[in-house]
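The structure appears right after this line, and notes come after that.
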2 protein chains.
Amino acid sequence: MGRVCIIPWCRVESFDTQKVPGNSRAMIRVLLAEDQAMVLGALSALLGLESDIEVVGAAADGETAWRDVQRLKPDVLVTDIEMPSLTGLELAQRIQRHEMTTKVVIVTTFARPGFLRRALDAGVAGYLLKDAPAENLAEALRKVHRGGRSIDPQLALDAWSEADPLNDRERQVLRLAGEGRSAGEIAGQLNLSQGTVRNYLSEAIGKLGVGNRIEAFRLARQKGWL
Amino acid sequence: MGRVCIIPWCRVESFDTQKVPGNSRAMIRVLLAEDQAMVLGALSALLGLESDIEVVGAAADGETAWRDVQRLKPDVLVTDIEMPSLTGLELAQRIQRHEMTTKVVIVTTFARPGFLRRALDAGVAGYLLKDAPAENLAEALRKVHRGGRSIDPQLALDAWSEADPLNDRERQVLRLAGEGRSAGEIAGQLNLSQGTVRNYLSEAIGKLGVGNRIEAFRLARQKGWL
DNA sequence: CATCGCTGGTGACAAGCGTCATTCGCCGGA
DNA sequence: TCCGGCGAATGACGCTTGTCACCAGCGATG
């Protein structure tokens, strides 16, 4: 199995991954997927410090990650969500559909309950935030490799407790308000009266427990409700 | 220049003979500032593999980074831009104003011309994108430490396009307004009068040629002027 | 048929927003 | 010394927002 290192100055063209110097133990074979090259390299370095983890590949976009998953059959895929050509969530779905043994751990910036929910539906075994301490990653990989799950606890709570309180109209109106449209403009665009638009906005503001449309928009977007 | 391959599964062992544990050599003392803990840890691991670089500290927000800069007086500060309490750009400004010898290298996701421009005004020596290959970082640090500069070339071109029309106050006010603060709240926070805040907002709205604070905020942020 | 509940609308009111003309103090340059 | 410019404040004006109480149609459900 020939493999090319994707990091340019790393000029090794291929080598044997099965055989690990001095250690035939339960080495966890990990594939990384992350579109920001520098973060990708850094994560690779980070995991490389762990004696029981072996980074067998690193992909910078969704499609190559998918090919690498099929080719390398890693124990664990560590992936970002936002990537070109194929998101981490779609990647997880494919792995689920193909009934592969590769576990998926999402590592992302976005603490949006909506994302977590979709990730769980796609059968991911881990969901970490980039805000979390770096040690958590290796720990999570071990847990997942043992068959466990590792979900950001704070986020897990949010995903259960908080359902989207907004209805369709409120979402529409809030989206436009967030772009700076006035009540009148929104009314024109949705074929409503100006007063009705203000009522919906007021409703949304009340439901979200904030003070104005801007905060309402920010909160709703942050929660993944828009 | 001896270099160690940073990618762990790339098992090239290139030894650096320069480096001695006693280190009388040009060890580059680096402070990291990055709000995403996992990325911070990963970058730390990445740079830790370089034989001529020593990571002397790692801060997760702007204020602690600033304290660490004063305390540790590192050769180079590697900082993200978007951080709580103090952005990387403000950090660079402070270092410039205090005429410290610490060089600043910005490492960010944002390829916004305005950011680069303000970074250059603040006298930073390097501006890298997280999209860039990981080995660029260490390379840039060395170049900067030798007194050189390392600016993302593509971005450097764009920077000459559009100038930021906003002044300091307008930026501050707009940032807070974008978070949903009212004129009164902003006034309290900046020790201004409510009327003055509205004047600044009006100015900003006019300069940007938009219709209200929300549009002004969105436009300014998109251009990298905040 | 009565009666909910839902979607949308009205009108009124206070508070906040955006604009403008004007003022004041202060600093730096001519 | 005077003058211009800048940062900040003021007050006034009209428009927009956020809130609330209330009303009208309309489809279900009893």
Side-chain angles (χ1 to χ4, degrees), chain A residues 163-223 225-226, chain B residues 86-87 89-90 93-94 96-97 99 114 117-118 121-122 163-223 225-226:
Chain A
D164 179 355
L166 304 174
N167 63 33
D168 259 13
R169 278 305 197 198
E170 288 157 1
R171 256 192 299 278
Q172 288 175 42
V173 164
L174 209 48
R175 240 192 309 260
L176 291 169
E179 291 171 13
R181 305 290 131 247
S182 73
E185 291 171 318
I186 297 173
Q189 204 156 335
L190 300 183
N191 292 316
L192 295 175
S193 88
Q194 196 169 140
T196 303
V197 168
R198 284 198 282 149
N199 284 339
Y200 282 134
L201 276 172
S202 184
E203 265 295 300
I205 290 168
K207 282 181 179 176
L208 299 180
V210 293
N212 59 49
R213 55 178 70 190
I214 306 180
E215 289 178 320
F217 173 77
R218 287 166 57 88
L219 178 58
R221 198 194 33 180
Q222 184 217 315
K223 295 282 189 184
W225 293 335
L226 290 185
Chain B
L86 202 67
T87 73
L89 294 174
E90 290 165 334
Q93 279 174 359
R94 286 202 188 176
Q96 187 183 38
R97 289 215 192 90
E99 295 178 354
R117 197 177 276 223
R118 276 199 288 151
D121 288 346
D164 178 358
L166 304 175
N167 64 34
D168 259 13
R169 277 306 196 198
E170 288 157 1
R171 256 192 299 278
Q172 287 177 42
V173 164
L174 210 49
R175 240 193 310 259
L176 292 170
E179 291 170 13
R181 304 290 131 248
S182 73
E185 291 170 319
I186 296 172
Q189 204 157 333
L190 300 182
N191 292 317
L192 295 175
S193 87
Q194 194 170 143
T196 304
V197 168
R198 286 197 283 151
N199 284 338
Y200 283 133
L201 276 172
S202 184
E203 265 295 300
I205 290 169
K207 283 181 178 176
L208 299 180
V210 294
N212 59 50
R213 56 179 67 192
I214 306 180
E215 289 179 320
F217 173 77
R218 287 166 58 88
L219 179 58
R221 196 191 36 177
Q222 183 215 316
K223 294 281 190 183
W225 294 333
L226 291 186

task = Heavy atoms under 4.0 Å is the rule here; annotate nucleotides 23-28 of chain D 5' to 3' with B where the base is hit, S where only the sugar-phosphate is, and - elsewhere.
result = ------

ask   = What string of B, S and - do you get for nucleotides 5-14 of chain D, 5' to 3', if B is base contact, S is sugar-phosphate-only contact and - is no contact with any protein heavy atom under 4.0 Å?
value = --SSBB----

So, for [X] and [Y], which heavy atoms are closest and what is the spacing to 0.1 Å?
| X | Y | result |
| --- | --- | --- |
| B/Leu208 | B/Leu174 | CD1-CD2, 4.3 Å |
| B/Leu166 | B/Ala220 | CD1-CB, 4.1 Å |
| A/Ala216 | A/Ile205 | CB-CG1, 4.1 Å |
| A/Ala183 | A/Arg198 | CB-CG, 3.7 Å |

task = For the pair B/Asp168 and B/Arg171, find out whether any cationic side-chain nitrogen is under 4.0 Å from an anionic carboxylate oxygen.
result =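 A salt bridge links B/Asp168 with B/Arg171.
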
request  = Using a 4.5 Å cut-off on heavy atoms from C-beta on, say whether the side chain of B/Arg213 contacts that of A/Ile214.
outcome  =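 Touching, per the 4.5 Å side-chain cut-off.
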
ask   = How long is the line joining CD of A/Glu203 and C1' of D/dA21, in whole Å?
value =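 Interatomic distance, CD of A/Glu203 to C1' of D/dA21: 13 Å.
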
message = If I take atom CZ in residue B/Arg213 and atom P in nucleotide D/dT17, what distance separates them, rounded to the nearest angstrom?
response =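 About 11 Å, once rounded to whole Å.
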
First locate atom [atom1] of [X], then atom [atom2] of [Y], and finally report the distance between them rounded to the nearest 0.5 Å.
| X | Y | atom1 | atom2 | answer |
| --- | --- | --- | --- | --- |
| B/Asn199 | B/Glu170 | CG | CD | 10.5 Å |
| B/Phe217 | B/Leu176 | CZ | CG | 9.5 Å |
| B/Lys207 | B/Ser202 | NZ | OG | 11.0 Å |

For a quick test of your reading: what N or O donor-acceptor pairs under 3.5 Å do the side chains of residues 186-197 of chain B make, sequence neighbours left out?
residue: B/Ser193; atom: OG; partner: B/Gly195; partner atom: N; Å: 3.4
residue: B/Ser193; atom: OG; partner: B/Thr196; partner atom: N; Å: 3.2
residue: B/Ser193; atom: OG; partner: B/Thr196; partner atom: OG1; Å: 3.0

query = What residues, two or more places apart in sequence or in another chain, satisfy salt bridge (charged side-chain N to carboxylate O under 4.0 Å, His left out) together with A/Arg181?
reply =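 In terms of salt bridge (charged side-chain N to carboxylate O under 4.0 Å, His left out), with neighbours along the sequence ignored, A/Arg181 is linked to A/Glu185, B/Glu215.
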
message = As a quick check of understanding, evaluate side-chain contact (heavy atoms from CB on, under 4.5 Å) for B/Asn167 and B/Glu203, giving each step before the final call.
response = CA-CA 10 Å; B/Asn167 64 34; B/Glu203 265 295 300; over 6 Å; no

ask   = In degrees, rounded to 10°, what is the bend between the two ends of the helix from C/dC1-D/dG30 to C/dC27-D/dG4, using five pairs at each?
value =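 End-to-end axis angle for the helix from C/dC1-D/dG30 to C/dC27-D/dG4: 10°, rounded to 10°.
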
ask   = Using a heavy-atom cut-off of 4.0 Å to chain B, what are the terminal contacting nucleotides of DNA chain C, in 5' to 3' order?
value =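 The contact span of chain B on DNA chain C goes from C/dC17 to C/dC20.
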
request  = Please check the phosphate of D/dT19 (OP1 and OP2 only) for any side-chain N or O of A/Ser202 closer than 4.0 Å.
outcome  =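 Looking at the OP1 and OP2 atoms of D/dT19, one of them is under 4.0 Å from a side-chain N or O of A/Ser202.
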
ask   = Is it true that the side chains of B/Gln172 and B/Arg169 contain a donor and an acceptor less than 3.5 Å apart?
value =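 B/Arg169 and B/Gln172 do have a side-chain donor-acceptor pair below 3.5 Å.
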
